[in-house]
Amino acid sequence: KQEVTQIPAALSVPEGENLVLNCSFTDSAIYNLQWFRQDPGKGLTSLLLIQSSQREQTSGRLNASLDKSSGRSTLYIAASQPGDSATYLCAVRGANAGKSTFGDGTTLTVKP
Amino acid sequence: DAMVIQNPRYQVTQFGKPVTLSCSQTLNHNVMYWYQQKSSQAPKLLFHYYDKDFNNEADTPDNFQSRRPNTSFCFLDIRSPGLGDAAMYLCATSREKGAFQPQHFGDGTRLSIL
C-alpha cells in the first residue's frame with residue numbers, strides 16, 4: 001500500500017525567501033507525481049505534473065523534482081510572495097489502477 | 001472558465017437524511033473521481049468512473065454511492081449521512097488513467113451534518 005508523507009506539516013517564511021517542500025512515498029512503482037495548491041475552503045489547483053520517466057518540471061517560480069528510486073519529490077518555490085500562502089499537496093499515481101494517493105500537505109505562510 | 005463544476009458549494013443536511021452532490025465537467029474527460037477530504041487531512045479517493053466502468057475503493061462506506069448518467073455529469077449519493085461524513089467532497093477528472101494525465105479538480109462541496 002502506497003504511503004505519502006509531507007514534511008513539515010507547516011512552514012512560515014518571510015517574503016522573498018526561496019524554499020523547498022518535501023514529499024516522500026513508499027512504493028516507487030508510480031506513473032506520475034502531481035503537486036497541487038489548495039487555498040482554504042477551496043478545491044485543488046494543479047501546479048506541476050512529473051511523469052515517472054522525468055526528473056523535473058518547471059513552471060515560473062516553481063520547480064518540482066522527482067527521484068523515483070529514493071521515493072522523493074521536492075517542490076522548490078523561488079522568491080516567495082504572500083500570495084503563495086496555501087497548503088501544498090503532492091499526489092502519487094500508482095502504476096496499477098491509476099489511483100492517486102495524497103500526502104497530508106504542507107501549509108505554507110509567507111509573511112510580508 | 002471553470003471546467004470542473006461542483007454544486008452546491010455548501011450543503012447542509014440532517015443526520016440520516018439522504019443527500020446528493022453533483023459534479024459536471026466541460027473537458028469531455030473519460031475519468032471522473034470523487035474524493036473525501038476532512039479537515040487538515042489528505043483527500044481520500046472514494047470511487048472513480050472510467051467511462052461507464054465504476055470502480056469502488058475497498059474502504060469506501062456502503063452508504064456512499066455514485067452515478068454517472070453521461071460523460072459530463074457525476075453524482076455522489078450519501079444514503080444515510082452520519083456526523084462522521086461531514087467533510088469537503090472533491091470531484092476531479094482526467095482524460096485517461098495513464099501517466100501523462102493530470103487530474104483537474106473542482107472547488108469542492110463542503111457538507112455539514114446537523
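Residue numbers start from 1 in every chain, and the chains themselves are labelled A, B, ... in the order their sequence lines are given, proteins ahead of strands. Quick caveat: nothing in here was measured; it's all calculated off a predicted structure.
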Taking [Y] as the starting point, is it possible to reach [X] by hopping between hydrophobic residues whose side chains are less than 4.5 Å apart?
{"X": "B/Leu21", "Y": "B/Tyr49", "result": "yes"}
{"X": "A/Ile50", "Y": "A/Tyr76", "result": "no"}
{"X": "A/Leu62", "Y": "A/Leu21", "result": "yes"}

Problem - Option in B/Arg110, B/Gln37, B/Gln41, B/His104 with maximal non-hydrogen atom pairs under 4.5 Å from chain A - result: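 Of the candidates given, the most pairs with chain A belong to B/Gln37.
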
Practice task
Decide side-chain contact (heavy atoms from CB on, under 4.5 Å) for B/Tyr35 and A/Ser100; before the verdict, give the C-alpha distance in whole Å, the side-chain angles of both, and the deciding distance to 0.1 Å.
Solution key: CA-CA 10 Å; B/Tyr35 289 87; A/Ser100 285; 3.7 Å; yes

If you count every heavy atom of other residues, nucleotides or ligands that lies below 6.0 Å from [X] atom [atom1], does the total exceed 12?
{"X": "A/Arg55", "atom1": "CZ", "result": "no"}
{"X": "B/Asp53", "atom1": "CG", "result": "yes"}
{"X": "B/Lys44", "atom1": "NZ", "result": "yes"}

Handout entry: Which atom of B/Pro43 lies closest to which atom of A/Leu44, heavy atoms considered
Key =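 Taking every non-hydrogen atom into account, CG-CD2, 4.4 Å.
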
Exercise for the section: Locate the shortest heavy-atom distance separating B/Ala42 from A/Gly103; write the atom from each residue and the value. Expected result: CB-O, 3.0 Å

Exercise for the section: Enumerate by number any residue of residues 73-95 of chain B whose heavy atoms lie under 4.5 Å from heavy atoms of chain A; in the absence of such residues, state 'none'. Expected result: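 Only B/Met88, B/Leu90, B/Ser94 of residues 73-95 of chain B have a heavy atom under 4.5 Å from chain A.
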
Handout entry: Residue pair A/Ser46 / B/Gln103, side-chain donor-acceptor N/O under 3.5 Å
Key = no

Could you go through residues 4-17 of chain A and list every donor-acceptor pair under 3.5 Å that involves a side-chain atom there, pairing it with any protein atom two or more places apart or in another chain?
unit_1, atom_1, unit_2, atom_2, d
A/Gln6, OE1, A/Cys90, N, 3.0
A/Gln6, OE1, A/Gly105, N, 3.1
A/Gln6, NE2, A/Tyr88, O, 2.9

Handout entry: Side chain / backbone / both / neither for B/Glu57 at chain A, heavy atoms under 4.5 Å
Key =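 For B/Glu57, the contact with chain A is made by the side chain alone.
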
Problem - CZ on B/Phe105 to CD on A/Gln34, rounded to 0.5 Å - result: 7.5 Å

